[in-house]
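The block underneath contains the structure these notes are about, expressed in structure tokens.
The figures that follow rest on heavy atoms only: side chains count, while hydrogens, waters and symmetry mates do not. None of these values were measured; they are calculated from a predicted model.
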Amino acid sequence: MAQILVVDDSSTVRDEVAGFLKRAGLDVATAIDGKDGLAKLRGDPKVKLVVSDVNMPNMDGLTMAEHIRGELNNKTVNIIMLTTENSPIMKERGKAAGIKGWIVKPFKGEAVLATFKKLSEG
Amino acid sequence: MKTAHSPQTARGIPGIFKPAVALMKRNKYPYKFAILGFGGAVAILFLLGSLLISLLASVNVAQRELSGLKLINPSLQFIQLVQQHRGLSSAVLAGNDALKDAAAAKELEIKEAIKRVDASLTAENASPKTRENWDNVKKTWTSLAEEWIDLARTANLQSYQELVNLSLKFVYSTGDFSGLATDPSLDSYYLVGMSVYIMPDLIELLATVGDAGADTYVRKSITEDQRAVFAGQSGVIARITGELGLNLDRSASYNEAIKDTLAQFKPEFLNRVTEVTIAIDGDIVTGRLAQQPDFIASKIVKVVDQGYEELFKELLPTTQKLIDERRLKLQKQVYASLGTALVLLAVTVYLFIAAYLSIMGDLGGLSATAKRIAEGDLQARVEVTSKDELAVVGVGFNSMADSIDSLIGKIHEKSQNIAAMLEHIPQGILTVVPGSTIHPEYSTYLKEMFETSDISGMKVMDLVFTHTNLGTDTLDQVDTAIASCIGEDRMNFEFNSHLLVTQLDKEFSNGRIKSMELSWSPICNADDVVEKLMLCVRDVTEVRQLAAAAGQQKRELEIIGEILAVNQEKFHEFIESAREFLAENEPLIQAVQDQPSQRTDAIGQLFRNMHTIKGNARTYGLLHLTNQVHEAEQSYDALRSNADAPWDAPRLQEELARTAAIIEEYAHINEAKLGRKGPGRRAGVEKYLMVQKDHIQNVLETLDAAKGLDAASMQAVNRKVQNMLHMIGTVRVQDVLDGVIDSLPSLAKELSKEPPEIVINDGGIVLHTQIADLLKNVFMHLYRNSVDHGLEKADDRVAKGKPAAGRIELEMSLADERLWLRLRDDGRGLALGALRKKGLEKGLLTEQDQQRSPEEIAQLIFAPGFSTAAAITEVSGRGVGMDAVKEFVLREGGTIELRFLDQDVNAEYRVFETAISLPGKFALQVMGAAA
């Protein structure tokens, strides 16, 4: 029933991001890697925004995004990547998978809150 | 450019046309025309083909009719011959052997007739059915020709009857098959009916009756039955003849050409037939048989001959002619239709191609022009030669091109403005494009700022961020943040702009450091995608330095404020004790380093010492000091609470040194800036300093207000603060003399004088507080003297033409590093006579001295005891005379003298001023501070 799904293998990042968004009054669910994220999203079609790490075990964020668009055939959910690097190849893959945005770590809550709210409501 | 308009589409297409419209839209114009042309051509060819087939069918009908006639003509000749042979054979069988030869000759003629029919069958390519019928006729004839001679007369006649019937059937069926029976034209229809059906039928009937009649005459007897047969046959002949008559009339009415022939033939033939029927009815049916045996036969032979003659000479040729004409007419019609259709087709194709060329030409012109414009030739326009919808498009296109041209012009102008701005603006402005590289258009000042000319195409990280105070991790974040914004939705800038650093220090050659402030803004396209980032760089090195200087000044002022709140003695004690504690701590730190066993005890002592300093500093409100001491105390506390913490002696010593340094800073400010060296005298200093605190507040406020100003404003503030700092420990002369001046009105009243007007011109000079007490004492005396001795009573003054109230002026100036204070009044002046007299009385002057200059006499006033007694009794009761005043002044390194301001050397009263000079150190020229 959540609006936002935060996917990151680091519990620190998960807590920081999800915690911030929860305090800001948003419904947030978490997943520990791409596979988990995919499963959670499959079980919860209400999710409007996925905020995901790129490098994760089992399934990385970009692959997850590709599965969301392909396997789940979910073309509407907004996907935003949390990353520490940004190569042209990543951006290329991101464009193909309909990635809306790239947030470079460290994450700054105030900078994303307004946009996140908008994306998770639409 | 993004517009709100949806594309203009053709509206109101009926549903039925939608698939066709879709098909047309999918194809280029050549294909559209090809589709249309193909459809049109197929339709035209189909119609043309149908028309041709129909016309050719009509032609074919005529052809077949003709072909039929060509068969029927010899066939009828054959029948005529057979009928003639029948008559001959019957006569031979009746015994007339003389006719045997004639019969044989007829047989030969019949053979010839058969050959002609055969030839016609071949020539006309008759159908197998027709051939079969004919073969049947031939076979019957062949057998009859062999056996007739052996037959009885009656049987012979019957056999011939069969043959003729068979032949007639062949003629009729040929007429039917060839379409003659259903001839489509009225003129030929009745002729065909007569020629092919009625005449042969009638002739055979007549011939049969003729043969039967002849036979009856030969037998000379007739039965009742036979009479009835003749009567019936006569009736049939009459009926057919009537029918023939009608047909002849109809044929005549439809064919002008044979009308006359037929008109001649008809009555003659019909009369002969009527004669035959009358003869039959009158001589045979009545059974009289009164006439000669060939009575009937001769009549019938004539009729038959005439009938055949008419048939072969008129009816059949006319019929053939009519049908042939019809055939030719139809053929012409075919050619005319074909020709017309081909001409129309050619015209249509011609116009079609012209329309195609016209449309393709216009479209080609449009597309070529559009291409030229796209390639940059903004002057290209479509040449509009037609008047159709494409011309409207062309005109619209041209006006669009005009708009684009003017728009491009404006854009060009704007670009030039921007270029000029980039060239002259004293700021580093650049844009970062995909790949994090710098766009070739950047502000000229950027080169100066970064001291390189090789900027275009450089990576922004290389130009701006190398040799800076930023760590590699920060740089990596900046690099990634830039890459994450460019080419992405605007929201990415919001997400990541906090990582784009806004200030840095960058090192240039020779170790010069420039402080730079950066501001970033996204440049987005219509879809809100960040196309590039604009980066503005400001060199804030100078501003920073000024700000730092201001910060230092502020700190100093705050410290001064703190110190001034503590009395000098107490402060001195504090500094001394703090120095002692620090001196104790230094060896303790080293001792623990050398002998860790002493750690616990040493920490206790170290902490207590620092804690005591902190406590004292807090008590006195020395906040800057307290912060540093607290820090040191906290690190001791950390070491105390954790026995395993490493003992970092160098760090502790460094911390100690920092604490000592700040204590010395306080001590230095106290001594150098505030002049409070040593324990000091409790009361005096304290009193001066109380006044100065407003200043400090003022300066602090000025500095606070100065935050965020530019370099020029910062400099102004800096100057102001410097002035203010110098003014610390100074006081305005007005404030010093406040009490003195306030006491003058009451003094004047005591002396029955008007309160004097006091004017002070301080010349923008303030006084050091040390000199304030001195000046107060000096001027108390000088002002009182002036009111007492100088200024006259109001009446006297008015009598002399002066204002009732006197005026006392003090003027200050700085010259040659000395402070000058000059006091004068507009009273009666210095009473030189009285001074001289008093000098003689007091023994200060000898008689010889009487001739001394007025200046020398005037100096008597400063002689010890000269004015004391009078001053005490008369006015203030203060035990300070002019001698004491001079003493005070001299003690501070000053001078005092009276100066005459008039040239009236021998006058009793001289206009004068009292001039005091003091060392310049007691004064400070403050620009604009006079107000």
### Message
As an exercise: rank B/G487, B/S484, B/A481 by heavy-atom pairs under 4.5 Å with chain A and give me the winner.
### Response
B/S484
### Task
Answer whether the closest heavy-atom distance between the side chains of B/L533 and B/L535 falls below 4.5 Å.
no
### Proximity of residues 443-478 of chain B to chain A, residues having a non-hydrogen atom under 4.5 angstrom
B/D476, B/Q477
### Task
Hey, can you tell me if A/F116 and A/F107 have their rings parallel, tilted or perpendicular (30° and 60° cut-offs)?
tilted
### Query
Side chain, backbone, both or neither: which part of A/K105 has a non-hydrogen atom closer than 4.5 Å to chain B?
backbone
### Query
Going by heavy atoms in the side chains, are B/D505 and B/R544 under 4.5 Å from each other?
yes
### Query
Looking at B/D479, B/L499, B/D489, which has the largest count of heavy-atom pairs under 4.5 Å with chain A?
B/L499
#### Entry: Proximal component of A/I80, with respect to chain B [non-hydrogen, under 4.5 Å]
side chain
### Contact check, side chains of A/K46 and A/Q3, non-hydrogen atoms, under 4.5 Å
no
Contacts under 3.5 angstrom, residues 35-42 of chain A side chains, donor-acceptor by atom type, not counting sequence neighbours:
from: A/D36; atom 1: OD1; to: A/K40; atom 2: NZ; distance (Å): 3.4
from: A/D36; atom 1: OD2; to: A/I32; atom 2: N; distance (Å): 2.9
from: A/D36; atom 1: OD2; to: A/K40; atom 2: NZ; distance (Å): 3.3
from: A/K40; atom 1: NZ; to: A/T30; atom 2: O; distance (Å): 3.0
from: A/R42; atom 1: NH2; to: A/E71; atom 2: OE2; distance (Å): 2.5

### Message
Taking side chain as everything from C-beta outward and backbone as N, CA, C, O, which of these in A/P106 sits under 4.5 Å from a heavy atom of chain B? Side chain, backbone, both or neither.
### Response
both
#### Entry: Partner chain B: residue of A/V112, A/L113, A/I103 with the largest heavy-atom pair count (under 4.5 Å)
A/I103
### Message
Rounded to the nearest 0.5 Å, what separates atom NE2 in A/H67 from atom CG in A/N74?
### Response
14.0 Å
### Query
Hey, what do you get for CD1 (B/I482) to OG (B/S497), rounding to the nearest 0.5 Å?
12.0 Å
### Task
Would you give the length of the straight line joining atom CZ of B/F508 to atom NZ of B/K514, rounded to the nearest 0.5 angstrom?
4.5 Å
### Message
Against A/K117, only a single residue in A/L26, A/L49, A/I4 fulfils side chain to side chain contact (heavy atoms under 4.5 Å, CB included); can you say which?
### Response
A/L26
#### Entry: Interface moiety of A/T84 toward chain B, non-hydrogen atoms closer than 4.5 Å
backbone
